[in-house]
Every structure is written in C-alpha cells, then in structure tokens.
Amino acid sequence: MNCIEGVFMSAVLDRVSGCRQRWLACMGLLGVLLVAGCGGGAGKTSVPPVGDAAGAGAAEDTDRRPGAMLTVDLNVTGDAEVSGSTVYGPVGRNLGLTAMSCSEFSKGQEIDGVRLFAFPALIGAEPIGGKEILVTVGVWEYPGAGTYTEKDNLQTSPDEVGLNIDGSIFSLPYDDPSTTLVIEADGSGVWNFPRLDSLDGGSVSGAMTWTCRD
C-alpha cells in the first residue's frame with residue numbers, strides 16, 4: 001500500500017466510524033499528496049482502482065485484470081472552471097485486489113456493517129481539464145441503484161459532499177444543500193451540484209457524469 005492509498009484507507013475507515021473532521025482533513029492531505037506525486041518520482045502518481053472507496057494496485061495492473069472501467073466527464077463553472085474527461089479503472093474491492101463488474105459497482109459494498117456506495121475519489125492519474133481533482137460523494141446505508149438527493153443520506157452532513165479542485169475544497173452549503181446523485185443498475189450515473197462553496201467565499205456549480213463498461 002503506497003502513501004496515497006494509506007491515507008485514503010484511513011480516511012474511509014474513520015468516516016465509517018463517524019470521524020467527520022479527520023475524514024475531511026485526510027481528503028485535504030490526499031490532495032496535497034496527489035499534486036506532489038507522493039514521492040513517486042517524475043510526478044507520476046499510481047492511482048488505486050477504487051470501487052469501495054479504498055483501493056490499491058499500480059497502473060500496470062490495469063492491463064492484467066478485467067473489471068469495470070469508468071469514463072468520467074466533469075464540467076464545473078464559477079470561481080473554479082473545469083471541463084474535461086478521464087477514463088478510470090479497473091474498479092476493485094478488497095484494496096483493489098478483486099475486480100468488480102459494473103453491476104457489482106452499482107450495488108455498493110459493505111464496510112464495518114454499513115452498506116455504502118462511494119464514487120472513487122481519485123478519478124484520474126492525469127489532471128482533468130488541467131486541474132487536479134478529488135471527488136467526495138457517496139450514499140451511506142445504500143439500498144441500491146436509484147436517485148438520491150441531499151435528503152437521502154449523502155454522507156451525514158453537507159460539508160462532506162464536494163470537490164477538491166487543485167487543493168481548494170468546495171462542498172455543499174448548509175443553507176442550500178441541493179444536489180442529486182443518480183446511480184444506474186449498469187454502474188453509470190450522474191452527479192448534479194447546483195452550488196458548492198469554499199471556505200474563502202468562492203462558489204461553483206456543475207455536473208459529473210460517468211459511464212461504466214466491463
């Protein structure tokens with residue numbers, strides 16, 4: 001497990017046990033590590049194949065193992081602009097050691113007795129639209145594919161849903177935490193966010209769509 005994967009796994013386990021502040025701190029640290037390459041040399045970062053919000057495995061594993069591949073399109077406007085796409089995968093469970101199909105990805109996974117759907121935080125080894133991106137969105141106590149809003153257990157508080165864009169964290173505001181996450185049975189989906197705010201007063205809006213293929 002490399003340093004990025006260790007921080008990410010720690011964040012996930014803490015989040016499942018309810019440690020919200022450390023989760024957010026870990027996500028911020030993870031953004032710094034991603035930009036720095038985590039000491040990987042020549043700026044190249046190994047991206048774990050995440051299906052259960054925790055992954056491990058180097059880029060060379062991609063060609064060896066079958067599994068779900070996500071084509072992700074992200075469009076963000078406002079105080080931070082992002083427009084681009086990336087291909088991510090294969091999605092895996094058990095620290096990325098077991099590949100998942102698109103159907104399995106859509107069903108989520110159980111961690112410490114809690115079934116959850118967690119979209120991979122690290123969705124690209126390369127910047128998207130020139131920006132380093134981390135995603136924090138998922139459904140806790142997840143019953144299966146469907147449409148979820150801010151009222152449907154997307155994390156436990158609005159500030160845990162959002163984007164890290166080049167180290168700047170944008171999350172759902174408490175006064176207007178409107179958002180919609182659609183998860184299809186085939187593993188594809190869309191996340192619409194009319195407003196995400198940063199601590200320095202900035203704001204963005206946009207959507208992330210993804211298609212899944214085995």
* Asked: Do Met69 and Cys212 come close enough that some side-chain heavy atom pair is under 4.5 Å?
  -> no

* Asked: Under a 4.5 Å cut-off applied to non-hydrogen side-chain atoms, are Ile165 and Ile133 in contact?
  -> yes

For [X] against [Y], the heavy-atom pair lying closest together:
X	Y	result
Arg195	Leu172	O-CD2, 3.7 Å
Leu154	Val139	CD2-CG2, 3.6 Å
Pro194	Ser205	O-CB, 2.9 Å
Lys107	Arg115	O-NH1, 3.0 Å
Asp186	Ser188	OD1-N, 3.0 Å
Met100	Glu104	CA-OE1, 3.3 Å

Please report the interatomic distance [atom1]([X]) to [atom2]([Y]), rounded to the nearest 0.5 Å.
X	Y	atom1	atom2	answer
Asp73	Thr211	CG	OG1	7.5 Å
Ile123	Leu70	CD1	CG	9.5 Å
Leu163	Phe170	CG	CZ	8.5 Å
Thr147	Glu184	OG1	CD	7.0 Å
Thr179	Lys151	OG1	NZ	13.0 Å
Ser168	Asp200	OG	CG	6.5 Å

* Quick one: do Phe193 and Val137 satisfy side-chain contact (heavy atoms from CB on, under 4.5 Å)? Show the steps, please. => CA-CA 11 Å; Phe193 42 94; Val137 65; over 6 Å; no

* **Asp79-Ser203 side chain donor-acceptor pair, cut-off 3.5 Å** => no

* To do: Scan side-chain atoms only and decide if Ser178 and Asp176 contain a donor-acceptor pair under the 3.5 Å cut-off.
  => yes

* Asked: Could you walk me through whether Thr136 and Val161 pass the side-chain contact (heavy atoms from CB on, under 4.5 Å) check?
  -> CA-CA 5 Å; Thr136 309; Val161 178; over 6 Å; no

* Asked: Are Trp210 and Phe119 an aromatic pair by the rule of ring centers under 6.0 Å?
  -> yes

* Asked: Under the 3.5 angstrom rule, does the side chain of Asp214 hit a backbone N or O of Cys102 as a donor-acceptor pair?
  -> yes

